[in-house]
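Let me begin by presenting the structure, written as structure tokens, before commenting on it.
Letters A, B, ... are given to chains in the order of the sequence lines, protein chains preceding strands, and every chain is numbered from 1.
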Amino acid sequence: MVDIPEHLLLRSAEARAKALGISVEQALSEMKGESTPTVVEEEPEVIEVELVTPPEAEVPAPVETPVVEEVKAEAPAPVETPVVEEVKAEAPAPVEVEAPAPTKAAAPAPAKADTPEEVEFAPEVKVTQRLLTVVKAKPIQKAASEPVDKVNTWPHLMLPEFISLMVMMAFLIILSAILQAPLLEEANPNITPNPAKAPWYFLGLQEALSYWDPQIAGVMIPLVIGLIGFAAIPYIDRNKENNPSKRKYAIMMYTFFLAGAGTLTIIGVLFRGPGWNWTYPWIDGIWFDDLLDWINFE
Amino acid sequence: MAKLTLKERFKKSTSGSGESAKAGKFATSIFRPGSPFRKGYTDSPRNRSYVVMNNVLYHLHPVKVKRHGVRLSYTLCLGGMSFFLFIVLTITGIWLMFYFRPTEMAYADIQALQTSVAFGSLVRNMHRWGAHLMVLVVFLHMSRVFYHGAYKAPREFNWVIGVILLFLTLFLSFTGYLLPWDQLAIWAVTVGGNMASYTPVFGAQIKFGLFAGLEATTATLLRFYVLHVLFFPFIIVIFMAIHFWRVRKDGGISGPL
């Protein structure tokens, strides 16, 4: 049962009181089911108003019309007095009763009550009105997703974001104050350093190049696996679950990749010396100039 | 229940937010209606929304986010960190451009920057370590997204954009690697260029196009410089815009697990 707001009930009672010529308090108590409803003697014709599409749905068949939603169980109108039903959910103040124009168009007796002070709009029909239902404001379409638990971005997201941003900034400044970026001798195409190493994020590739044919290691791995393969992950993995325990295979594959790439990179950075021979960083030192000052840091 | 007109209700809801003219006419022209800078801030759901809505940077965010998404342990703030590092790199990079010529003078410029420019060494270090950090953070961000399964429908395409962003980050870092014009730079880039030359069919052409010649020269330096300071930043900003936009259009942060 919909809980009807007090002011709507009052407004409806006012309308009913005016229509039946009784007091507002009387109408109100009738609608609340506290007193017996006023019976109207004359037999009006039933005007059927469909709630959703008013103009088309006028069915003048007398009693049994299943279309109307009978929400108001109290205010039980006696059977012998069919009640003219009106959508009162948004009926205006009782002065302008002629306002529900679409419903009036459906009335069989086309009495045009153009004069505003004339309340009676169908002379032979004694109108009784009552509140059928209050239609709650809700979207026509049902939303596909359930409402989720949300918090305000400010401050719940922006504050942690700002703090981590400041922490990162502090970390970067301190790092840059202590560690000097490497600057070796001026570039000289005639002097090849041994070993010549790529930037660290390509050293895994460079390491792979020492095992396999360059066509495979230099092209297939970065292009086919790296770019195309990675971009295609969501189209290959059609498993809809995102719970880790239900996508063990995908997690395993990615972790293998991470471990492999990480191992190759670490070998390339730390364990490769002149001639790309195996060296131990704790015996032969590190042959990676980008990290020189990390190591010589005192 | 007292009946209120719309006007009265509006007055009631805004009272206590200090909408009495705090800001002068000039400030009013700067800040949008509803901005906390214009009418003061007291903590209320309405004002919390206004904070986000009335600032061009903040409104990258939605007004509300899923509760689990604000936990630091969920995202580790890695995506935001990538973006932040990009901004830091842009600012320090523009600053460095004042002292750098992509010619034979490049190496001398770097030396002068380190020895005779105020904060020159610090800013150069920030740019370099920040760049390494950004590669790392972008990669970690990708791993975080993978482990959360956040690339699944409807976010498939944003993952693709993300992979492109990762490669653009690598290209940005790689093109910047040559600019100090020291032995480390030229030989690292030579190694990288040789890797590209293993591309089947077009290998030699790709290397030639990259190096503006057969080997790394000052022509390569100019080429990498333009790629580094203009071309790739331009491209990456476009892809970042799509990336951020899609995050919201695809329903905000993924999960919870």
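When each of P180(B), G130(B), P200(B), G192(B) is checked for heavy-atom pairs under 4.5 Å with chain A, P200(B) comes out on top. Among A198(A), P189(A), A232(A), the residue making the largest number of heavy-atom pairs under 4.5 Å with chain B is A198(A). Of the listed residues (L172(A), V151(A), L165(A)), the one with the most heavy-atom contacts under 4.5 Å to chain B is V151(A). With chain B as the partner, the residue from N243(A), D237(A), I173(A) showing the most heavy-atom pairs under 4.5 Å is D237(A). Listed options V63(B), T199(B), V160(B) were ranked by heavy-atom pairs under 4.5 angstrom with chain A; first place goes to V63(B).
The part of K240(A) that comes within reach of chain B is its backbone (N, CA, C, O), which places non-hydrogen atoms under 4.5 angstrom from that chain. The part of F84(B) that comes within reach of chain A is its side chain, from C-beta onward, which places non-hydrogen atoms under 4.5 angstrom from that chain.
For the 3.5 Å distance criterion, the side chains of E186(A) and Q111(B) fail to qualify, holding no donor opposite an acceptor. Checked by atom type, the side-chain pair Y58(B)/T153(A) shows no donor-acceptor distance below 3.5 Å.
Aromatic ring pairs are classed by plane angle as parallel below 30°, tilted from 30° to 60° and perpendicular above 60°; the pair F257(A) and F139(B) is tilted. Taking the six-membered ring where the residue is Trp, Y254(A) and F146(B) present parallel rings, their angle staying beneath 30° rather than reaching 60°.
Contacts of residues 66-75 of chain B with chain A at a heavy-atom distance below 4.5 Å involve K66(B), R67(B), V70(B), listed in sequence order.
For Y198(B), the ring pair (Phe, Tyr, Trp, His ring centres under 6.0 Å) criterion is met by no residue, not counting sequence neighbours.
Distance alone, capped at 3.5 Å, is enough to place a donor-acceptor pair between the Q183(B) side chain and the I191(A) backbone. At least one donor-acceptor pair under 3.5 Å links the side chain of W159(B) to the backbone N or O of F230(A). A donor-acceptor pair under 3.5 Å is absent between the side-chain atoms of N242(A) and the main chain of G149(B), judged by distance alone.
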